[in-house]
Amino acid sequence: MIDNDNMLERLNLPGDLKKLNYEQCDELARQMREVLIKTVSANGGHLASNLGTVELTIAIHRAFDSPNDKIIWDVGHQSYNHKLLTGRYQSFKTLRQENGLSGFCRPEESEHDAFISGHSSTSVSAALGYSYAFKLKGLNNYAVAVLGDGAATGGEFFEGLNNAGKSDTNIIVIINHNEMSISKNVGGLAKYLSTLRTKQQYLKTKGAVEKLLDKTPVFGTPLKRTIKASKNTVKNMVLKNNMPTLFEDLGFKFVGPVNGHNVEEVEFALQAAKSIGGPVVVHVNTIKGKGYQPAEKNPGGYHGVSAFDLETGNPDVVPSDSFSAVFGETVTRLASKNNKICAITAAMKYGTGLDKFARRFPKRFFDVGIAEQHAVTFAAGLSNAGMIPVFAVYSTFLQRGYDQLIHDLAITKTHAIIGVDRAGIVGEDGETHQGIFDVSYLTSIPDVTIYSPGNYSELRKCVEKAINSDSGLVCVRYPRGKDESRDTNEYVSTTFKTVKNGGKTLIITYGRLYNEALKASDKLIADGIKTDILKLVQIFPIKEQVLDIISQYETVYFFEESILNGSISQKLCSINSDIKAHAITDFVKQSSVSRALQSTGLSSDKIYETIKADFYENKA
């Protein structure tokens, strides 16, 4: 008999899940929610999505045999429960900490993490790859893609569906419908799934199919023969709703909608999907934030949170004192004077600070869902028709729209502004979310203008110039968090500024690294090493004056919060080989921003140590 006390610690998971009765499953779900709330309140992370998928995750691991069956979590926001149920309870307190558990799926972390996650709408394509591999190897294992209806707005999801529906493989797509991604879901598919949600049958003929499954082993030969001979019969037993669905038109069998907070019903639906065979979509309805009232009331706010107080339930998503908020406020202010300005988000209204714009100018605000490629081309269409589009997007997600930036904006020199949020190191979300590639890929595009302001005053000026004065593709990149600079009230430039201390050594940098350079310079001066600083604001194209300034120094260092290959420092090195470039050379793992700057050699201490060591080496 299984003891219900601290089940996560006592059970051998995931194997022991199949030994539980449904009352014990409910108790396990309660305990899991307690662990989720306690851990995320301390470490930060994705709370609401995981609270909404507790019972669903339990049912998935009861119905399938991981790691032999492959469970692929789209985005990975909702994979915390999966980690708890696959032997990682003891280390769960290290979630999103340096050298701890990732906030997303990582194959190197566990054999149960079938595929890397972090970006949206990839699960069906990955699962289809697995399912074809199983078929080619003669295996009967299942590949299961689990995604929210928010991820179902992404273009790659439809590309995957289009190929999977005709595959005749054991692929099962579970759509977790909670009507939220980060912002409220939008678009035709969201409305379509909501229509299905209102037609919930909750498997009214459940008893009839249960009797069939009870009499025959799920993996037994007799069941396979019976089911394969009458797939449609079983499908209709599962759901007496013969209304054609989009998914059936693409070649899938369709099961659901089913109550995602009832382990028994979800497990039954998944067993039925396995029995039907071939590509199957299972539609599950859940409540994002389930079990924690602040998150249920505000699922968008509790999608991704910093550490928060358990008593007040106060999340820190985009505080008013942040670059994102200032960017949103600036665009809103400028839009009040110019009715051509439009704002675009890809399901990140709150995360990018555009919620105020949305309230003030709802007709000029467009949430396109998780569809960054579409957002860029949509912006091009708006601009070509005489509007001024501003698309705010995280650096890591803008990567997905690279072709559209080139083909639909840059070639025709179409004027559009991209607010590149979370530029640089973002910290605990790890490799898939660090904004360290935008400089390299954006500077590969001819005629692009890129600003990287280091404080709020510069950000306001750069946004104003990008909207009102510049032409073509203009990108304004800014970091996550708040302005911690020392010179916000000084003269504001959108090109560059210099700090002269009478030295023969020059530090070049931009963005928030300017603060680190100032601290390092102070320490160097205290050691008798006079160091000047050149702070770039417009980082590309590189100004001729910048080259003139560099030529005046004996030793030049460039410290850059970007991947080295394709960086501004590398470009300058191709002009002046004496410049010593220090940038990021590999993917940056999860840790705090300060620790990541330290490990990549970009913190004030590391800048100081690098220059000091060189100074005494050269002197010797």
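Computed from heavy atoms alone, side chains included, the values below leave out hydrogens, waters and symmetry copies. Computed from a predicted structure; not experimentally measured.
- For His82, the ring pair (Phe, Tyr, Trp, His ring centres under 6.0 Å) partners two or more places apart in sequence, or in a different chain, are His61, Trp73.
- Just one of Thr53, Val280, Leu56, Ile71 meets the side chain to side chain contact (heavy atoms under 4.5 Å, CB included) condition when paired with Ile174; it is Leu56.
- At a cut-off of 3.5 Å, with distance as the only test, no side-chain donor of Asp421 or Thr352 sits close to an acceptor on the other residue.
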Check the pair Arg512, Glu561 against salt bridge (Lys or Arg N to Asp or Glu O under 4.0 Å), reporting the backbone distance first and the verdict last. CA-CA 9 Å; Arg512 69 175 163 199; Glu561 196 176 344; 2.6 Å; yes
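- Remark: Glu34 engages Arg30 in a side-chain hydrogen bond (donor to acceptor under 3.5 Å, both in side chains) (not counting sequence neighbours).
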Working note: Lys83 + Ser110, criterion side-chain contact (heavy atoms from CB on, under 4.5 Å); need CA distance, chi angles, decisive distance, verdict. CA-CA 9 Å; Lys83 292 175 185 281; Ser110 170; over 6 Å; no
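- Taking all atoms of both residues into account, the shortest heavy-atom contact from Pro279 to Ser167 is CG-OG, 3.8 Å.
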Is there a side-chain contact (heavy atoms from CB on, under 4.5 Å) between Leu398 and Tyr441 once you walk through the steps? CA-CA 10 Å; Leu398 181 60; Tyr441 66 75; 3.3 Å; yes
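- To the nearest 0.5 Å, atom CZ of residue Phe397 and atom CD of residue Gln373 are 13.5 Å apart.
- When the options Ile568, Val420, Ile539 are evaluated for a side chain to side chain contact (heavy atoms under 4.5 Å, CB included) with Ser452, the one that passes is Ile539.
- Closest non-hydrogen pair, Leu147 versus Gln78, comes out as CA-NE2, 4.2 Å.
- Within the 4.5 Å cutoff, no side-chain heavy atoms of Ile58 are placed close to those of Glu267.
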I would like to know whether Arg88 and Asp113 meet salt bridge (Lys or Arg N to Asp or Glu O under 4.0 Å); could you show each step before the answer? CA-CA 12 Å; Arg88 285 171 272 184; Asp113 289 2; 2.8 Å; yes
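- Atoms CG and CG, from Leu85 and Leu11 in turn, are 9.0 Å apart once rounded to the nearest 0.5 Å.
- Taking CG of Leu13 as the start and OG1 of Thr86 as the end, the distance is 8.5 Å to the nearest 0.5 Å.
- Ser123 OG to Phe115 CZ: the interatomic distance, rounded to the nearest 0.5 Å, is 9.5 Å.
- Within the 4.5 Å cutoff, no side-chain heavy atoms of Tyr80 are placed close to those of Thr39.
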Output, in order, the C-alpha distance, side-chain angles, deciding distance and verdict of side chain to side chain donor-acceptor pair (under 3.5 Å) for Ser591 and Glu98. CA-CA 4 Å; Ser591 68; Glu98 187 173 7; 4.9 Å; no
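- Under the rule for a salt bridge (Lys or Arg N to Asp or Glu O under 4.0 Å), Glu560 has no partner lying at least two apart in sequence or in another chain.
- Scanning for side-chain hydrogen bond (donor to acceptor under 3.5 Å, both in side chains) contacts around Thr443 gives Lys571, with sequence neighbours left out.
- Across Asn50 and Ser79, no two heavy atoms sit closer than the pair OD1-N, 3.4 Å.
- Between Lys135 and Asp168 the shortest side-chain heavy-atom distance falls below 4.5 Å.
- Note that Lys38 lies outside the cation-pi zone of Phe92, set by a 6.0 Å cut-off to the ring centre and a 45° limit from the axis.
- The salt bridge (Lys or Arg N to Asp or Glu O under 4.0 Å) test applied to Asp605 returns Lys523, not counting sequence neighbours.
- Other residues, nucleotides and ligands contribute over 12 non-hydrogen atoms within 6.0 Å of the CZ atom of Arg33.
- Of all the heavy atoms in Gly260 and Thr286, the pair that sits closest is CA-CG2, 3.8 Å.
- Within the 4.5 Å cutoff, no side-chain heavy atoms of Leu84 are placed close to those of Thr57.
- For the residue pair Asp74 and Ala151, the shortest heavy atom distance occurs at OD1-CB, 3.6 Å.
- Under the 4.5 Å side-chain criterion, counting only non-hydrogen atoms from C-beta, Leu513 is not in contact with His582.
- Side-chain atoms of Lys274 come within 3.5 Å of backbone atoms of Ala63 as a donor-acceptor pair (strictly under, hydrogens ignored).
- Annotation: side chain of Lys70 is not in contact with side chain of Asn141 (no heavy-atom distance under 4.5 Å).
- Ring centroid separation for the pair His119 and Phe104 does not come in under the 6.0 Å cut-off.
- Under the 4.5 Å side-chain criterion, counting only non-hydrogen atoms from C-beta, Val376 is not in contact with Glu372.
- Residues forming a side-chain hydrogen bond (donor to acceptor under 3.5 Å, both in side chains) with Asn68 (at least two apart in sequence, or on another chain): Asp65.
- A donor and an acceptor atom, one from each side chain of Ser567 and Ser569, are located under 3.5 Å apart.
- Residues forming a salt bridge (Lys or Arg N to Asp or Glu O under 4.0 Å) with Glu111 (at least two apart in sequence, or on another chain): none.
- Partners of His261 by ring pair (Phe, Tyr, Trp, His ring centres under 6.0 Å), not counting sequence neighbours: none found.
- Closest approach of Ala114 to Ile72, counting heavy atoms only: CB-CG1, 4.0 Å.
- Gln404 contributes atom CD, which lies 4.5 Å from atom OG1 of Thr377 (distance to the nearest 0.5 angstrom).
- Under the rule for a ring pair (Phe, Tyr, Trp, His ring centres under 6.0 Å), the partners of Tyr478 that lie at least two apart in sequence or sit in another chain are Phe327.
- Counting only heavy atoms from C-beta outward, the side chains of Leu20 and Met7 approach each other to under 4.5 Å.
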Got a list of side-chain donor-acceptor pairs under 3.5 Å for residues 430-439, not counting sequence neighbours?
| residue | atom | partner | partner atom | Å |
| --- | --- | --- | --- | --- |
| Glu431 | OE2 | Lys589 | NZ | 3.4 |
| Thr432 | OG1 | Arg106 | NH2 | 3.4 |
| Gln434 | OE1 | Val426 | N | 2.7 |
| Gln434 | OE1 | Gly427 | N | 3.4 |
| Gln434 | NE2 | Gly427 | O | 3.4 |
| Gln434 | NE2 | Val588 | O | 3.1 |
| Asp438 | OD1 | Arg477 | NE | 2.6 |
| Asp438 | OD1 | Arg477 | NH2 | 3.3 |
| Asp438 | OD2 | Ser395 | OG | 2.7 |
| Asp438 | OD2 | Arg477 | NH2 | 3.2 |

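- In this structure, Thr585 has no side-chain hydrogen bond (donor to acceptor under 3.5 Å, both in side chains) partners at least two apart in sequence or on a different chain.
- Residues passing the ring pair (Phe, Tyr, Trp, His ring centres under 6.0 Å) test with Phe391, sequence neighbours excluded: none.
- From Ser91, atom OG reaches atom NZ of Lys93 across 7.5 Å, with rounding to the nearest 0.5 Å.
- A donor-acceptor pair under 3.5 Å is formed between the side chain of Arg96 and the backbone N or O of Asn43.
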Where do Ser322 and Ser324 land on the side chain to side chain donor-acceptor pair (under 3.5 Å) test, with the steps shown first? CA-CA 5 Å; Ser322 68; Ser324 300; 4.8 Å; no
